[in-house]
Amino acid sequence: MIIDLQKFITEEKHSWKELEAVLDALENDPERRMDLEHAKRFHYLYQRTSADLAKIATFASDPETHRYLESLVGRAYGEVHETRDTPHRFAPLRWLRETFPRTFRRHIRAFLLSLAITLAGIAFGGASVGLDPDAKEVLLPFPHLQGSPSERVAAEEKATRDRLKGVKMTGAAWYMTHNTKVSIFTMALGVTWGVGTVIMLFYNGVILGAVALDYVRAGQSTFLLAWLSPHGVIEIPALLLAGQTGLALAAALIGRGSRQSLRMRLREVSGDLVILGAGVALMLVWAGFIEAFISQYHEPVLPYSFKIGFSLVELFLLVLYLGVSGANETKALQRKDGHERRRRG
Amino acid sequence: MRDADAADPANGDRATQREKTGTLLIRTPEGIVFSLLLAGPVTRFLAWGIDFACIVAASGVAGAALGLAGVISPDFSRALTVLAYFFISIGYGIAAEWYWRGQTIGKRILRLRVMDAQGLRLQPSQVVIRNLMRFVDTLPALYAVGGIACLVGRRSQRLGDIAANTIVVRNPKVADPDLEQLLAGKYNSLREYPHLAGRLRQRVTPREAGIAVQALLRRDELDPDARVELFREVAAHFRSLVEFPEEAVHGVADEQFVRNVVDIALSAKPGGKQAVSKS
């Protein structure tokens, strides 16, 4: 049986045009919200057009009309069937106080793995330079780290003029953007089932270990701490969190022990990845400022005790924040959830 | 071959595609199947080229504007420029795709759109993830990794699309269906024989009618020889289905005969005389 296509089009075209107009309005004005009556009408038009598509697919073979209706149904489908929560209005304070630290704790195993890989890299880098000092040239790609630590410390401490004068802000911006790019790269490499993330974390650890042992062997431990720790106590954890994010993505891709489909696993983890990524970016903004304005100044301009003390305070606050912040709300939510389950019996 | 499986809304598994076809079939909970045309790597690369030009232009404008801050402090001005380039290059795709529901300027021009892989609305987290994953997709240069992933994958997804559960679809400009221009106002000699016309209507399958409609709609795109040959073959096929008297088909060209068959197959006017003018 073939339907009377002309009659069919004439009768239904007004519904299609009306649906098309609603879709155009929704797509051109993303802020647009429909009231109940408009939503009901939209749903009706979607269902009517879907039925027309089914009819035309079954009883007629006009590709133009078929394609036109497919295009309408495809556009309307996403609007009608989206059941995921729409994001609430962004509340930055609540996000900082609860969402970010809670998300960090939810993926704590990925963080511990990230830490373990970095520590392995530090051990490898340190051992390499310890056993073979010439390895420094290979392991450290930065020219300013190739020289003798003692000579550098002597030069830095003798400096009488502010060598960063006029470039401090540019430096801060560069540190922020460079470290954020490295972090995004570390996170994104999670898509290689975590292999790329592991390599990045290990390599960062190797550089850190090699530099640290080089300065320790030269008897410049205090300088090293005062130089690296003011920004490092935030920057290094930020890179570990970037690794955590990449490993969380890899875990979702691998799906070991999960009965959910890949799509569902990725859908569940995607929000957490973005939260962790945003947290990393914020931490790196802070670290960038500290690196440009504090870390690069040494005695006699800034006493080492001040810089190390400042670092300890930063580290303590960071651990406190990531470890505890939002915990009460989590317990309250769990209690509420427990009550709800008991009530349902 | 295209194929669609039963929907499993609980599992979010409404989209199916078993082989690489350039098309993704989605079955709605209402049981309707529709297809989305997947964008290939070349079109996507061209869209990226346009976006890259936009990023360069926007960065240039921002750099020039922020250069004015150099009057107060050159250091401050340079820092702002570094940050502006960073935010524009990373944030452009995220902001545009979120605000325009899966489109950037390049994608709008080339009629592409990022969609959820199940055909649903994009979530902010999906937009962010697929854009940040560009860092891997662009390796080692010019989107080589992403391009290879697109070519190899069944849904033409780059790695960022896989991680974000998104696809990029083509929305070609679809013309309003309008058969009036094709059928109306023409005298149809076959309708003088309603019983034969009824038999023809019964025997022509929707697919055959669709082929005939396409041949008529695209006739001006064909070479003259190919056009004559095509309509000769199509008309011969329809003539073999029902034999009309000589006076009904005498002097009727193959193309006109096909037009008459389409008129009968797709337009269920009452048999007998028609309310059309002779032409």
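Note on naming: letters A, B, ... go to the chains in the order of the sequence lines (proteins, then strands), and numbering restarts at 1 for each one.
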Novice: So what's closer than 4.5 Å to chain A heavy atoms on B:L80: side chain, backbone, both or neither?
Specialist: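 Neither the backbone nor the side chain of B:L80 comes within 4.5 Å of chain A.
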Novice: If the threshold is 4.0 Å, N to carboxylate O, is there a salt bridge linking A:E20 and A:K17?
Specialist: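 Salt bridge between A:E20 and A:K17, a charged N being under 4.0 Å from a carboxylate O: yes.
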Novice: Show your working on salt bridge (charged side-chain N to carboxylate O under 4.0 Å, His left out) between B:E208 and B:R203 and close with a plain yes or no.
Specialist: CA-CA 10 Å; B:E208 288 168 342; B:R203 290 184 180 174; over 6 Å; no
Novice: Is it the side chain or the backbone of B:R134 that comes within 4.5 Å of chain A heavy atoms, both, or neither?
Specialist: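 Contact with chain A: none, neither part.
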Novice: With side-chain contact (heavy atoms from CB on, under 4.5 Å) as the test, would you mind laying out the steps for A:R106 and A:T103 before giving the verdict?
Specialist: CA-CA 5 Å; A:R106 198 159 44 241; A:T103 309; 3.6 Å; yes
Novice: Before giving the answer on side chain to side chain donor-acceptor pair (under 3.5 Å), spell out for A:Y68 and A:K13 the whole-Å C-alpha distance, their side-chain angles and the decisive distance to 0.1 Å.
Specialist: CA-CA 11 Å; A:Y68 175 73; A:K13 202 170 177 180; over 6 Å; no
Novice: Look at A:Q47, A:R75, A:E79 and state which one has the largest set of heavy-atom pairs under 4.5 Å with chain B.
Specialist: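 Looking at each of A:Q47, A:R75, A:E79 in turn, A:E79 comes out on top.
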Novice: Surrounding CZ of A:F289 (heavy atoms of other residues, nucleotides or ligands, distance under 6.0 Å), is the total greater than 12?
Specialist: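 12 or below, so no.
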Novice: Do A:R267 and B:D116 meet the salt-bridge criterion of a basic N to acidic O distance under 4.0 Å?
Specialist: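 Yes.
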Novice: Taking 4.0 angstrom as the limit, do B:D161 and B:R155 come out as a salt bridge?
Specialist: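 Salt bridge: no.
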Novice: Taking all heavy atoms of B:A164 and all of B:Q126, pick out the closest pair and write down the distance.
Specialist: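 Heavy-atom minimum between the residues: O-NE2, 3.0 Å.
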Novice: Tell me, side chain or backbone of B:L37 under 4.5 Å from chain A's heavy atoms, or both, or neither?
Specialist: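 Contact with chain A involves no heavy atom of B:L37 at all.
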Novice: In residues 172-190 of chain A, which residues are in contact with chain B at a heavy-atom separation under 4.5 Å?
Specialist: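 So far as heavy atoms go, A:A173, A:W174, A:M176, A:T177, A:T180, A:K181, A:I184, A:F185, A:M187, A:A188, A:L189 are the residues that approach chain B to under 4.5 Å.
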Novice: Does any heavy atom of chain A fall under 4.5 Å from the side chain of B:R130, the backbone, both, or neither of them?
Specialist: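 It is neither, since no heavy atom gets under 4.5 Å.
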